[in-house]
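Only heavy atoms go into these numbers, but all of them, side chains included; no hydrogens, no water, no symmetry mates. Read the numbers this way: they start at 1 and go in the same order the structure lists the ligands and their atoms.
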Amino acid sequence: MKIKIWDLPTRLFHWLLVLCIAFLVFSGKTGNLFDWHQTAGIIVLALVLYRLVWGFFGSSTARFSDFFYSPSKVIAYAKTLFKRDSDRHVGHNPVGGLMVFAMLAVLLFQGVTGLFSTDEILVEGPLYELVDSDTADWLTGLHHSSSEILIPLVVLHILAIIFYRVYKKQNLVKPMITGDAEFPEAKQSEIKIVPAVYGVVLMVVCYLALYFGLPLLAA
Ligand code: HEM
Ligand code: HEM
């Protein structure tokens, strides 16, 4: 039975995030197109902000409560990870869910420290003026360090997707593109999909709040 597991806003969030993070890591590490780093960074912060709200009010598979599992459930699932026929989850599995929380936390940290960072040439984060220069240097250092956590996390995330495809013969990417997946035992009526317009409007509102709010905060 083909059912919709990922709503449109969650998919939009994911692929916009991929584009922005690829650009941010490229521009951050090489210095190329660095004048756009701040814009892309604020888009990522807006996406994460949106995702935090969507995690409470979005479609059932996007809700944090749907993929927040007790440590014992995470361990129990982890033990079956190398079984080719381990349980398939409609939504994130317990280990995948943990990975999502980890990525969101690091992205939030990376984005917030970026707001106070400077390269002393082109970019000063919009909240740079709020702190003294020693604190700004410290936060810039943390912005560098957290990218050393973010990049391995993303690599692990992509390796996990490849592992599911090659070893467990499960294609997780297609549902993240089309929204649909085949689940013989699940019913569409068990999944609550919130109309996409709410998610898309929320995303735009989060961006506008940061775009207009951050300069006000710094003034
Ligand atoms: C969450 C999204 C973000 C990601 C993934 C990201 C990523 C990076 C990376 C990988 C670097 C290079 C670090 C290194 O060389 O080790 C960097 C540097 C930098 N980022 Fe971000 N960044 C983000 C958000 C922001 C934001 C919102 C700002 C605000 C303007 C910002 C400002 C800066 C600055 C000024 C530097 C250069 C620091 C220096 O030259 O010492 N970043 N960023
Ligand atoms: C910069 C790189 C990436 C970041 C930061 C990232 C981040 C994330 C996040 C936060 C989620 C959770 C989605 C949600 O519940 O809202 C997710 C899920 C997912 N990502 Fe990525 N991702 C990246 C790259 C990729 C790439 C390149 C692929 C495809 C090869 C991919 C495939 C997926 C899939 C299939 C899921 C759903 C997993 C599941 O079924 O539980 N991601 N990713």
Ring pair (Phe, Tyr, Trp, His ring centres under 6.0 Å) assessment of F82 paired with F163:
CA-CA 10 Å; F82 289 94; F163 170 75; 5.4 Å; yes
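Using modelled atom types, one finds no donor on one side chain facing an acceptor on the other under 3.5 Å when comparing T61 with S59. Side-chain contact check for Q110 and S146: at least one donor-acceptor pair (N or O, by modelled atom type) lies under 3.5 Å. Side chains of N32 and T30: a donor on one and an acceptor on the other come within 3.5 Å. Between the side chains of D132 and T135, at least one donor-acceptor pair of N or O atoms lies under 3.5 Å. Judged purely by distance below 3.5 Å, without hydrogens or angles, the side chains of N93 and Y164 pair a donor atom with an acceptor atom.
The residue from H144, K29, E124 that puts a heavy atom closest to atom 39 (C) of ligand 1 is H144.
For ligand 1 and G125, the ligand atoms under 4.0 Å from any heavy atom of the residue are 29 (C), 30 (C). Atoms of ligand 1 found under 4.0 Å from any heavy atom of T140 (numbered from 1 in listed order, with element): 38 (C), 41 (O). Applying the 4.0 Å criterion to heavy atoms of V173 picks out, from ligand 2, the atoms 29 (C), 30 (C), 35 (C). Under a 4.0 Å criterion applied to the non-hydrogen atoms of I21, ligand 2 contributes the atoms 1 (C).
Checked against a 3.5 angstrom limit, the closest N/O atoms of H14 and ligand 2 fall inside it. For ligand 2, one of its N or O atoms has an N or O atom of H92 under 3.5 Å away. Considering backbone and side-chain atoms together, R51 places an N or O closer than 3.5 Å to an N or O of ligand 2.
Of the protein's heavy atoms, I161 CD1, 3.5 Å lies nearest to atom 34 (C) of ligand 2. Annotation: atom 36 (C) of ligand 1 to nearest protein heavy atom, F34 CZ, 3.2 Å. Looking from atom 26 (C) of ligand 2 to the surrounding protein, the closest heavy atom is I158 CG1, 4.1 Å. Nearest to atom 12 (C) of ligand 2 among the protein's heavy atoms is V100 CG2, 3.6 Å. Scanning all protein heavy atoms for the shortest distance to atom 40 (O) of ligand 2 gives W6 CZ2, 3.8 Å.
If you look at F101 and F64, their ring centroids are closer than 6.0 Å. Residues W6 and H92 bring their aromatic ring centres within 6.0 Å.
Counting only protein atoms, the N, O or S atoms lying less than 2.8 Å from atom 21 (Fe) of ligand 1 are H37 NE2, H143 NE2, ordered by chain and residue number.
Here the closest heavy-atom approach between residue F183 and residue H89 is recorded as CZ-O, 3.4 Å.
If you look at H89 next to ligand 2, there are no close heavy atoms at all, none under 4.0 Å. Only the side chain of V154 comes within contact range of ligand 2, with a heavy atom under 4.0 Å; no backbone atom does. Within the 4.0 Å heavy-atom criterion, the part of M103 lying near ligand 2 is the side chain and not the backbone. If you look at W54 next to ligand 2, there are no close heavy atoms at all, none under 4.0 Å.
In this structure, I43 and L16 have side chains that are not in contact, with every pair of non-hydrogen atoms separated by 4.5 Å or more.
More than 12 heavy atoms of other residues, nucleotides or ligands lie within 6.0 Å of CZ in F34, so this atom counts as buried by the packing criterion. The environment of Y167 atom OH is dense: over 12 non-hydrogen atoms of other residues, nucleotides or ligands sit within 6.0 angstrom. The environment of W138 atom CH2 is sparse: at most 12 non-hydrogen atoms of other residues, nucleotides or ligands sit within 6.0 angstrom.
The minimum distance between atom 21 (Fe) of ligand 2 and any N, O or S atom of H157 involves atom NE2.
Salt bridge annotation for E182-K4: absent, with no cationic side-chain nitrogen under 4.0 angstrom from a carboxylate oxygen.
Under the 4.5 Å side-chain heavy-atom criterion for grouping Ile, Leu, Val, Met, Phe, Trp and Tyr, L208 is connected to I42 within one hydrophobic cluster.
The shortest heavy-atom distance from L45 to ligand 1 is not under 4.0 Å.
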